[in-house]
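Every chain is numbered from 1, with letters handed out A, B, ... down the list of sequences. From a predicted model like this one, the values you see are computed outputs, not experimental measurements.
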Amino acid sequence: MNFGFSDEQELLRRQARDLLDRECPTARVRQLMEDELGHDPRMYARIAELGWTAIPFAEAHGGLGLGLVDLTVVLEEMGRHLLPSPFQSTVGLAGMTVAASGDAAQAARLLPSIVNGSAHATVALVEETGRWDAGGVRMAARRSGDAWLLQGEKLFVPYAQVATWMIVAARTADDPADGLTLLVVDTTAPGVAVRPLRSMDATRRMAAVGFDGVEVPGDAVLGEPGRGWATLRRGLDRAMVCLAGELTGTAQRVLEMSVDYAKVRQQFGRPIGAYQAVSHRCADMLVMTESARSLAYHAAWALDNDVPEASLAAAMAKAYASDAARTVASHGLQVHGGIGFTWEHDIHLYLKRAKWGEATLGDASHHRERVAQLLEL
Amino acid sequence: MNFGFSDEQELLRRQARDLLDRECPTARVRQLMEDELGHDPRMYARIAELGWTAIPFAEAHGGLGLGLVDLTVVLEEMGRHLLPSPFQSTVGLAGMTVAASGDAAQAARLLPSIVNGSAHATVALVEETGRWDAGGVRMAARRSGDAWLLQGEKLFVPYAQVATWMIVAARTADDPADGLTLLVVDTTAPGVAVRPLRSMDATRRMAAVGFDGVEVPGDAVLGEPGRGWATLRRGLDRAMVCLAGELTGTAQRVLEMSVDYAKVRQQFGRPIGAYQAVSHRCADMLVMTESARSLAYHAAWALDNDVPEASLAAAMAKAYASDAARTVASHGLQVHGGIGFTWEHDIHLYLKRAKWGEATLGDASHHRERVAQLLEL
Amino acid sequence: MDFSLSPEETRFRDEVRDWLRDNLDDRIREHVTGDDIEQRRAWQRRVHEAGFAGVSWPRELGGQGGTLMQEVIVNQEMAAARAPDLVNIIGLYMAGPTILAHGTLLRADEIWCQGFSEPNSGSDLASLRTRAAIDGDDFVVSGQKVWTSFAHVARWCILLTRTDASETAHAGLTYLIVDMHSPGIEVRPLRQITGDAEFNEMYFTDVRVPRANLLGEVGGGWRVAMTTLMHERATLGVGLQVRARIALDALRALARETVVDGVPRSADPLVRQQIAQLSIEVEAMRLNGLRGLTKVLHGEQPGPEGSVNKLMWSELNQRIAETALDLLGPYATLAEGDERAPLGGRWAHGYLRSRANSIEGGTSEVLRNILAERVLGLPRSR
Amino acid sequence: MDFSLSPEETRFRDEVRDWLRDNLDDRIREHVTGDDIEQRRAWQRRVHEAGFAGVSWPRELGGQGGTLMQEVIVNQEMAAARAPDLVNIIGLYMAGPTILAHGTLLRADEIWCQGFSEPNSGSDLASLRTRAAIDGDDFVVSGQKVWTSFAHVARWCILLTRTDASETAHAGLTYLIVDMHSPGIEVRPLRQITGDAEFNEMYFTDVRVPRANLLGEVGGGWRVAMTTLMHERATLGVGLQVRARIALDALRALARETVVDGVPRSADPLVRQQIAQLSIEVEAMRLNGLRGLTKVLHGEQPGPEGSVNKLMWSELNQRIAETALDLLGPYATLAEGDERAPLGGRWAHGYLRSRANSIEGGTSEVLRNILAERVLGLPRSR
């Protein structure tokens with residue numbers, strides 16, 4: 001039993017912290033919030049150079065053959081710095097879905113360009129209902145000879161604006177539990193229209209993606225046709241843990257900012273941190289942040305080791321991180337008082353990220369219900 | 001618009017406070033907790049003498065023709081003093097059900113003995129399912145000539161041990177919304193068996209009441225046969241407000257005890273009330289207690305004046321009081337620390353009363369769902 | 001105890017309602033807002049001409065000589081009809097009691113702002129540092145104020161300054177009325193986390209204020225300021241519960257109208273419990289307010305228990321906004337201005353705006369201190 | 001990072017499990033409890049003979065010379081199997097490190113109790129007033145202690161006293177080992193709100209304690225006491241999460257088995273959300289504990305962050321009990337002993353007992369102070 005990080009993992013964290021401290025201060029984040037692309041391609045190239053895009057992938061595809069725990073270390077730091085980047089959607093969501101699909105041919109085709117940083121990718125799942133489950137997928141893929149025809153629209157597709165390809169979940173059978181087929185679609189394919197959505201968190205980009213008679217070749221299927229949900233579930237579990245790790249970093253930074261402020265801000269002749277209304281709030285923020293961290297890393301370990309309760313651990317991590325990040329960010333703003341309500345102060349960037357993360361990949365209620373199911377309640 | 005008490009109401013409160021301060025200190029409450037009867041008949045006689053049992057009833061029945069607001073004033077004081085008594089079940093539940101039923105004949109027959117204090121009465125509604133609604137009533141009343149036959153069991157019947165008669169809700173039609181008939185049954189009738197239940201709150205007595213082929217004469221029906229739930233609903237609304245008033249008094253006393261203790265108990269060289277962990281907790285207790293009081297009296301006024309939202313107001317009052325009393329009592333114990341966990345200290349008597357009141361006549365979730373329905377959500 | 005309106009009050013309420021029905025429409029609701037000060041002045045002038053601004057003020061001051069209850073009715077009806085806020089709210093409710101040309105105030109000919117808070121004096125108002133030096137017949141004011149609504153359009157400012165630097169805390173404060181056209185005043189809009197700029201920073205550099213503009217005594221500003229704040233909490237307080245009710249109504253509508261797979265979100269037992277609980281607490285707040293109002297109608301001064309309502313309101317308003325966003329699932333992450341954002345992103349904006357509720361006009365921490373110390377008599381925690 | 005047990009650890013765990021399967025039954029679970037001290041001593045003797053008491057203690061002290069991880073495994077398995085608590089828990093985990101006859105301690109031949117708290121020194125332990133005057137070769141002890149488990153059966157007491165009345169707070173405290181057979185000691189059971197008397201009050205009147213029973217230095221008792229408390233929080237802490245897990249399992253079973261109109265309460269979406277949330281938090285607590293344990297296994301001292309687990313546990317245990325009572329509707333109001341009370345009223349009793357969780361062993365307020373001051377470095381609020 002060892003719930004600690006290896007020396008290599010500590011080194012990786014230090015490397016990520018140093019790079020992002022230097023290259024991604026909030027002043028830079030604010031520039032990228034106004035940027036049309038929404039991220040810095042040179043930064044992405046640097047990240048790929050450092051091998052972060054290679055972390056969880058097999059050596060056969062150019063990867064480092066490390067695990068989700070290592071990836072989470074990097075993502076926690078990215079969440080801490082609010083890095084605007086398609087890294088998580090590319091590596092943590094699309095990449096991990098391919099890697100976990102067991103589809104060797106697609107992995108060989110798709111992963112190398114993720115690993116070397118030359119491609120961004122994403123997953124198109126959610127439709128008009130806003131549901132993050134198989135039942136929410138209504139867009140059908142119809143057979144047309146060897147190819148599939150797609151007609152419809154996907155929403156809340158992360159970073160579709162900059163993606164080279166995306167995994168599209170389409171319905172090919174009338175099965176409430178699954179019946180989905182995953183198709184790998186080029187974002188430049190004829191009939192694909194990417195329409196950016198305006199995100200409350202300008203450090204995270206999303207798009208609506210329209211499919212107007214898009215023809216997808218038969219060999220674009222990821223995994224087994226009709227069993228797409230089972231495959232995607234594995235990818236989503238991993239992406240949820242990535243997001244939980246990111247949100248932990250976000251909460252951690254809010255905690256630190258709040259504690260630092262509470263030590264220096266004077267009211268009524270004492271630092272506000274000397275008042276229990278503030279200090280006990282900070283203690284609660286600590287408990288929530290540490291708990292989010294414990295759950296995220298344990299889930300990462302569980303998925304890396306394919307233990308039976310891995311999916312449960314992932315649901316727990318995402319549910320808890322959703323609530324913790326929101327609550328910690330709200331508390332943080334309250335500790336800062338008026339100054340925390342200004343655009344100039346950074347705390348709102350964290351608040352908005354927390355809110356985005358909370359609602360993305362299924363919110364806390366959604367995952368609590370899944371926890372209840374997985375516990376056979 | 002006037003949300004204040006009349007001089008007469010203030011006088012009534014003063015009278016109640018004085019009498020109960022004198023006659024019902026917690027030392028006396030503790031004696032009665034051990035008492036088999038569970039209340040003091042001389043005290044009940046005194047209460048009747050003072051006219052409290054007459055408050056909400058028409059002058060035609062010997063009553064004072066006052067309203068639920070006035071009754072709530074007295075009940076708030078009783079809740080404050082944890083008076084062990086069948087007063088609420090007799091006057092606030094059974095008596096108000098008869099008075100609100102519009103059944104003049106039964107009112108003339110039953111109310112005078114409640115008013116003069118010679119009879120205790122109660123309502124037998126809940127069955128094995130623990131439900132406080134029409135759908136929970138399965139016990140049938142079968143026609144047998146002019147009479148009705150009862151077979152079954154009722155649970156959680158307040159003070160059935162000392163009641164002269166009770167209103168029994170029985171099913172006479174298969175209608176999920178109603179189909180009930182209310183029968184006034186003597187507790188001494190052949191086939192009636194009263195089996196005391198052990199209440200966590202020893203200041204409140206309850207019983208299981210068995211009906212083994214009990215024959216009830218045809219003229220024992222209260223209100224219209226088959227429409228018993230509509231009638232009982234009016235009685236329950238009034239009883240809920242009585243209980244909400246009582247719980248307000250209970251919460252108020254806990255607040256006062258806690259504030260008094262926080263002023264004198266020293267830790268780390270200062271009274272604990274100087275620490276915000278304690279003082280802000282007390283502020284929250286104040287907000288909850290005042291809100292419970294506002295909702296209870298407004299609901300009492302609304303029922304007295306039969307305004308359209310009266311039933312909604314009653315549901316709101318009970319839902320809020322359930323939560324407020326429980327939370328205030330828990331906070332109160334925490335403020336007292338270790339001493340509050342001892343049998344010797346009184347705070348646990350309030351905690352247990354709050355818990356009893358919370359679960360009685362429908363808990364907060366139950367009434368919140370009713371609020372949602374009444375708001376046409 | 002009587003929660004109904006008297007026949008006269010009912011008549012008056014109907015009068016207000018009729019006027020609102022005839023004079024208010026969605027165009028006004030949407031456009032008479034924010035920075036469009038001329039529109040807002042025009043609206044206030046219409047309200048005044050109709051006799052609904054300064055209802056309880058004496059006739060000789062341009063008011064209607066009406067009752068406090070009538071004032072409350074106007075507030076409730078205006079809020080319930082979602083009428084635009086009056087632009088001269090600070091003049092009417094805070095500076096009002098102290099100034100001469102009341103008729104012009106009611107017509108909003110001149111707008112007022114309030115200069116109390118400073119960057120280093122948030123909850124601890126008594127620690128403010130804006131200096132007013134006495135120089136002949138003038139005060140010379142230098143310093144910085146913050147969170148000032150309307151400063152960019154105001155003609156007058158009620159300003160709290162320190163005249164005696166050797167004194168600390170409450171002593172040494174002086175209350176001045178400052179002409180915002182005076183040289184040396186700079187107003188900078190303060191952008192908030194919503195992207196709006198409702199508030200301003202004000203910089204004073206050697207601004208000369210004639211001695212005649214002193215309110216109260218030199219060094220006696222704290223008492224005057226407390227009167228102002230008491231009026232703020234008591235009079236504006238009546239409006240809070242109506243605002244909460246409006247937000248709640250909107251939430252209920254949202255829950256009914258947000259339909260996923262043919263099922264309205266209002267059918268979800270969790271949503272039902274949450275909205276019911278919010279409804280109960282908004283009602284409790286309304287009733288607590290009516291208990292306070294009853295005291296005032298009986299001639300008592302508004303007391304510290306008024307803090308209960310501000311405390312409840314800010315927390316409720318935040319929870320209402322959070323519940324709305326919870327209902328919306330991923331749509332909650334869309335910003336104002338996105339065409340798919342429900343109601344144009346009003347809820348996303350409202351959520352962000354609500355974060356300030358527990359800070360502005362007395363932080364929840366300070367309000368709990370007031371309740372603990374001044375209502376419950378607990379020792380000071382500071 | 002690795003949450004699995006090593007092959008040796010798995011073997012050891014199976015050994016414990018096998019022993020428990022063969023030696024523990026419901027009769028023991030129900031009867032070896034509370035005041036039946038002889039039964040409890042007997043149980044501890046059996047556990048010791050099996051080699052599962054003092055697993056990580058050196059062999060020469062009667063222990064097994066095992067690893068800390070083995071100790072943890074025993075704790076977890078014992079708790080998961082709902083084995084009776086060891087009766088000499090205070091001796092084992094608190095007094096242990098300081099005493100001579102360890103073998104007898106492990107066999108529970110002699111039971112220990114702890115005299116720290118006083119009626120006027122709850123959270124503020126340093127303010128205690130039990131006096132120990134030096135008289136020749138003895139200390140003469142007078143004063144009152146409270147919340148003392150096992151005092152009525154203990155042979156030894158670790159007692160914190162004040163030797164120098166002129167000193168305040170931490171200075172002037174002295175740590176003694178007191179023979180409970182000494183004249184002048186009176187033990188009175190303290191009845192709790194549950195009706196049980198787990199704890200006692202102890203009255204000391206001129207009790208003579210030989211100087212040889214001094215631990216540490218005269219006036220140096222605070223440091224010794226802190227070591228004891230640190231051990232309490234670190235070692236007993238491992239057991240807390242298992243206890244929470246057991247309570248949670250029972251709650252889940254209750255939700256599934258409480259059927260109203262053919263529908264189990266576990267089908268109610270509200271109940272599902274609550275239980276799922278509790279499950280998540282219990283898991284978070286377990287994992288937080290494992291992070292702490294990892295540090296200790298790596299040779300670090302247990303730090304103040306251990307307070308997180310006690311804080312989480314008490315709040316969780318209270319919410320688990322409340323949720324259980326909520327499930328039961330009016331049945332929740334039945335007292336222990338009523339034949340209709342679900343599970344004999346175990347949950348009603350548990351609810352009442354849980355109210356002390358946020359007070360005993362460090363109040364939640366004190367634990368939050370520790371986290372704020374010693375982990376986050378915020379200034380003292382006292």
**Study point:** Backbone of A:Arg198 reached by a side-chain donor or acceptor of C:Asp338 within 3.5 Å
**Key:** yes
**Study point:** Portion of C:Asn369 that has a non-hydrogen atom of chain A nearer than 4.5 angstrom
**Key:** neither
Practice item. Please indicate whether A:Glu127 has more than 12 foreign heavy atoms, meaning atoms of other residues, nucleotides or ligands, lying under 6.0 Å from its CD. Key: yes
Practice item. Identify which of C:Gly337, C:Ser364, C:Ser123 forms the greatest number of heavy-atom pairs closer than 4.5 Å to chain A. Key: C:Ser123
Check your understanding: Can you tell which of A:Gln334, A:His366, A:Lys355 has the highest number of heavy-atom pairs within less than 4.5 Å of chain C?
Key -> A:Gln334
Check your understanding: Between A:Met200 and C:Leu334, does a side-chain contact (heavy atoms from CB on, under 4.5 Å) hold up when you go through it step by step?
Key -> CA-CA 5 Å; A:Met200 187 207 276; C:Leu334 295 177; over 6 Å; no
Practice item. Start with the C-alpha gap between A:Phe268 and C:Ser127, add the side-chain angles, then the distance that decides, and say whether side-chain contact (heavy atoms from CB on, under 4.5 Å) holds. Key: CA-CA 8 Å; A:Phe268 307 106; C:Ser127 71; over 6 Å; no
Check your understanding: So what's closer than 4.5 Å to chain C heavy atoms on A:Arg353: side chain, backbone, both or neither?
Key -> neither
Practice item. Look at A:Gln266, A:Arg138, A:Lys352, A:Arg265 and state which one has the largest set of heavy-atom pairs under 4.5 Å with chain C. Key: A:Arg265
Exercise for review: Determine, for A:Arg195 against C:Glu339, whether the closest basic-nitrogen to carboxylate-oxygen distance falls under 4.0 angstrom.
Suggested key: no
Check your understanding: With a 4.5 Å heavy-atom cut-off, do A:Thr342 and C:Glu201 have their side chains touching?
Key -> no
Revision key, fill the gap. Chain C shares the most heavy-atom pairs under 4.5 Å, among A:Val126, A:Ile272, A:Leu351, with A:Leu351
Point to revise | Contact listing (chain A partner; residues 343-359 of chain C; heavy atom under 4.5 Å) | key: C:Ala348, C:Tyr351, C:Leu352, C:Arg353, C:Arg355, C:Ala356, C:Ser358, C:Ile359
Point to revise | Interface moiety of A:Phe341 toward chain C, non-hydrogen atoms closer than 4.5 Å | key: both
Revision key, fill the gap. In terms of heavy-atom pairs under 4.5 Å with chain A, the winner among C:Thr333, C:Asn120, C:Thr363 is C:Thr333
Review point. Is there a side-chain contact between A:Arg131 and C:Asp261 (heavy atoms, below 4.5 Å)?
Key: yes
Check your understanding: Is there a donor-acceptor pair closer than 3.5 Å between any side-chain N or O of A:Tyr275 and the backbone N or O of C:Glu365?
Key -> no
Review point. Which heavy atom of A:Arg270 sits nearest a heavy atom of C:Ser381, and at what distance?
Key: NH1-O, 3.8 Å
Check your understanding: Based on non-hydrogen pairs under 4.5 Å, which of A:Leu333, A:Asp201, A:Asp363 is most in contact with chain C?
Key -> A:Leu333
Review point. Can you say whether A:Ile339 sits under 4.5 Å from chain C via the side chain, the backbone, both, or neither, judging by heavy atoms?
Key: backbone
Point to revise | Student check: side-chain heavy atoms of C:Pro330 and A:Trp132 closer than 4.5 Å | key: yes
Point to revise | Region of C:Ser121 in contact with chain A, defined by heavy-atom distances below 4.5 Å | key: backbone
**Study point:** Contacting moiety of A:Leu361, where chain C heavy atoms sit under 4.5 Å
**Key:** neither
Check your understanding: Considering only heavy atoms, which portion of A:Leu349 lies under 4.5 Å from any heavy atom of chain C: side chain, backbone, both, or neither?
Key -> neither
Check your understanding: For chain A, which residues from residues 187-196 of chain C lie under 4.5 Å away (heavy-atom distances)?
Key -> C:Leu190, C:Arg191, C:Gln192, C:Ile193, C:Gly195
Check your understanding: Any donor and acceptor pair, going by atom type alone, linking the side chain of A:Gln267 with main-chain N or O of C:Asp124 inside 3.5 Å?
Key -> yes
Point to revise | Which atoms of A:Ala208 approach chain C - backbone, side chain, both or neither, heavy atom under 4.5 Å | key: side chain
Check your understanding: With a 4.5 angstrom heavy-atom cut-off, which part of A:Glu358 approaches chain C: side chain, backbone, both or neither?
Key -> side chain
Exercise for review: Flag yes if more than 12 heavy atoms outside C:Glu186 fall under 6.0 Å of its CD atom; otherwise flag no.
Suggested key: yes
**Study point:** Contacting region of A:Phe156 [heavy-atom separation from chain C under 4.5 Å]
**Key:** side chain
